[in-house]
Structure formats: structure tokens, C-alpha cells
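Accompanying notes for the structure given below.
The model shown is predicted, which means the values in this text are computed figures rather than measured ones.
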Amino acid sequence: MSKTATTYVWYSAIPLWLLISFARKNPEFIEKYYSRLFYPLFFNLHKFFFDLIPFSLGDALYVIMILYLLKEIFQKIIYWKAKPLTLFLDTGSLVVITLWIFHLSWGFNYYRLALNIQLQIPIGYTKKDLVGQLDKIIRESNQSHNLLVSSDTLAVTFPFSKEQVSEKISLYNPMNHKTIIHASEVKKSLLSLPLSYMGYSGYLNPFTLESQANAKMPIQSFITTSLHEIAHQIGYASEKEANFMAYLSAIKSKDPYIQYAGNIFAFRYLFNDLFKLDPKKARNKLKLLNPGILKNFQEVNDFWNKYDNPLEIFFDNTYDGYLRANGQKSGVKSYNEMVGLLINYHKNENRF
């Protein structure tokens, strides 16, 4: 990149910063003009091209980009082809360009109007609310489990493959207005092995707008992760909102296996929140689940334990910083904040 081009790119960081500052303070504007007007048009353009490709092009581009950057940095540092200041300016220019593309293609969805405001429901709840909803989820999980197995001691075996999941799932929209975004099929990530070691179940590529799920996960996790990533794909950037949309879509499904995956997905989050408040009560609630459900949970735990490694903390902290930088003050803990949406949605369910 020429010196003049580098200078202009650096200067462009100022209007980008002003746009982000404006977006943070004006969620109604972002909701109306970006999330519901500009983004659907941009997404559908991406969808037209990337749906033609059967594999995750975003995964492939990430690998190529990382290898190219490593080569460039290695050559410039080892062979002294660039002075430290030049290297810093060139690298910074690439970062600024990447941030422009990221925010215009998808990232401004982080600043849209909160889902609970759109639904006109609160997100706060009491311990009594939490226990009541957990009891309800336990009953529904047991009922759902009993429909799928001959004994409550048996784990559920899903009768379809991960390749068939995209054919069976669809995102449920709790708002009355119709969405003009029709999500693409979730692709099995080409990077599933690295994702497993990083502790990631899936991700949305914000540049190609392809949603990927970790193909190595047990299928019950693959189902809810796929729905979570579809929620991101249609513009719900917040992790708690994507989690809530995944849960709601699963339990609204006509497929009993998808419903089961949604119920036990919600149980884990409700249980974790109660465990923080009252470990003894939470353990007692766990005993009310059918033993077969616990075996499905163990299958998921065994999977992640298999890939447990010291670097997971680094990746968790990195992702936590990314979320905080994009307005999610709770970082990775924001996934658990779907509990407030879940509880208050069901309190007001007759309105939807």
C-alpha cells in the first residue's frame, strides 16, 4: 500500500469512530435504517452468491488471510524489508479497512434496538421467577424425553444426521412484523477441529455472512448452535438475543427432537443461574430430570472435556474482549442473560 493510501485509510478511522459513537446513542435509528433497511439488502446480495458454494468460503478465506499475513509479517521482520513504523502503519491500515467492512456488512447490528424493548417485556426477574421457570422446563424436558425413548433411563438418539438439521430447523420470529431476511443454510465448519480446541461451537462470518456450526459436536448441541447462528445471520448480534431466538425456535418446531434439544438447552442456562444463587436447591432440581436426559448432558460434557486445553482461557478472554468492544458489557456472560428474556417472554406469552 502506498504512503498516500495508508494516510487516507488512517484518516478514515475518524468518521468510522463517529459513526460507531452515533450508533451507540441512537439504537432506534440503527434499527430502522440499518437493521431493517440496509442490512437485509446487503445480506440478500451475499446470500445470492454464497449460497451457491456448498462449503464455507469464509473458513477458507480466514485460513488464506492468516497465512498471508503471517508470511508478510515474517518477511518484513526477518529480512528487514520494513522499518518498525512502516510495519505499524501498514498493519494499522489493514485493521481500519477490516473494521469498516465489519461494521458496514454486519457489525452495526450490535447497536440496534434491544429485543426486549421491541417485545415490550422487562429482562429482570426474581429468584421465585427463576425457580418457577426452571420447574416448568424440567416438566417439559421430561415430557419431551418420554415421547422419544422407551425408558426414562435412556439417552435420546437423534434419527437424523447433522447434514439434515438445516432442512428441519427454521427461525421463529416473536415479533408481529414479517422479516424480509431469509437465512441461508448453516454450513459445517471446515475449521471444526480448531473450533473444538478453542471451545467454540460455531460462529457467523461477518464478512461473507455465512453461519457455521462445529460439526464435531453432539447433534443436540449442533441443533441449537445452528439456530443461534441463524439468529446472528438475520441481524440479532447480541448473544443473549441469539440464544433466546434459538431456544424459542426450537420449542416452536413441529419436530419433537428439535423441541427436546430446545428444552434441555434452556434447562442448562436456568440451572446455571439458580446454581449461582442457591447451589443446594439447584442440585435438588437436577435430581428431578429423567436419568436419560443427564446422559445426553454427559455426552456434551464428554465432548468438550476431550478438547480441553490451557489455551481455551486465552480464546475465552479474547472473545470476551471482542464482545465488550462491541457494546456487550457482560462479555461472554451475556450468553446467560437470555434467562431474563426467556422468563419474561413466557410471562407475557399470551400477547404474542
Looking only at side chains, do [X] and [Y] share a donor and an acceptor under 3.5 Å apart?
X: N290; Y: N146; result: yes
X: Q212; Y: S56; result: yes
X: N214; Y: S189; result: no
X: Q133; Y: D129; result: no
X: N109; Y: S35; result: yes

Just by distance, do the side chain of [X] and the backbone of [Y] share a donor-acceptor pair under 3.5 Å?
X: N309; Y: Y307; answer: yes
X: E31; Y: R36; answer: no
X: N116; Y: I123; answer: no
X: S249; Y: L227; answer: no
X: D59; Y: L190; answer: yes
X: N348; Y: P122; answer: no
X: H228; Y: E241; answer: no
X: S141; Y: I138; answer: no
X: W106; Y: Q233; answer: no

If you round to the nearest 0.5 Å, how far is [atom2] of [Y] from [atom1] of [X]?
X: L204; Y: I230; atom1: CG; atom2: CD1; answer: 11.0 Å
X: N142; Y: L288; atom1: CG; atom2: CG; answer: 8.0 Å
X: L270; Y: L134; atom1: CG; atom2: CG; answer: 5.5 Å
X: E140; Y: I251; atom1: CD; atom2: CD1; answer: 7.0 Å
X: I30; Y: F108; atom1: CD1; atom2: CZ; answer: 6.0 Å
X: K280; Y: L274; atom1: NZ; atom2: CG; answer: 13.0 Å

Any [X] side-chain heavy atom under 4.5 Å of [Y] side chain:
X: L277; Y: D273; result: no
X: V63; Y: L191; result: yes
X: Y260; Y: I293; result: yes
X: F42; Y: L104; result: no
X: I264; Y: H145; result: no
X: L171; Y: I234; result: yes

Between [X] and [Y], what is the shortest heavy-atom contact and its length?
X: D135; Y: K285; result: OD1-NZ, 2.7 Å
X: S192; Y: K216; result: CB-CG, 4.1 Å
X: Y257; Y: T157; result: CE2-O, 3.6 Å
X: S201; Y: T225; result: O-CG2, 3.2 Å
X: A282; Y: F271; result: O-CE1, 3.1 Å
X: V165; Y: S226; result: CG1-OG, 4.2 Å

Test side chain to side chain contact (heavy atoms under 4.5 Å, CB included), reference E210, set K47, K187, H46, E185, output is K187

Taking the six-membered ring for Trp and the single ring otherwise, decide whether the centroids of [X] and [Y] are under 6.0 Å apart.
X: Y111; Y: Y34; result: no
X: H232; Y: Y236; result: no
X: F265; Y: Y247; result: no
X: F29; Y: F22; result: yes

How far apart are the C-alpha atoms of R112 and E28, what are their side-chain angles, what is the distance that settles it, and do they pass the salt bridge (Lys or Arg N to Asp or Glu O under 4.0 Å) test? CA-CA 7 Å; R112 71 185 301 182; E28 294 88 355; over 6 Å; no

For the residue pair F160 and F158, does the interplanar ring angle fall in the parallel (under 30°), tilted (30 to 60°) or perpendicular (over 60°) class? perpendicular

Does the plane of the ring in F102 sit parallel, tilted or perpendicular to the ring in Y110? Use 30° and 60° as the thresholds. tilted

Run the numbers on D255 and Q259 for side chain to side chain donor-acceptor pair (under 3.5 Å), then give the verdict. CA-CA 6 Å; D255 189 299; Q259 291 174 12; over 6 Å; no

Is the count of non-hydrogen atoms from other residues, nucleotides or ligands lying under 6.0 Å from [X] atom [atom1] greater than 12?
X: F38; atom1: CZ; answer: yes
X: W17; atom1: CH2; answer: no
X: K295; atom1: NZ; answer: yes

Give the intermediate values and the outcome of side chain to side chain donor-acceptor pair (under 3.5 Å) for residues N243 and Y269. CA-CA 10 Å; N243 258 0; Y269 284 97; 3.1 Å; yes

Is a salt bridge present between E349 and K136, judged by a nitrogen-to-oxygen distance below 4.0 Å? no

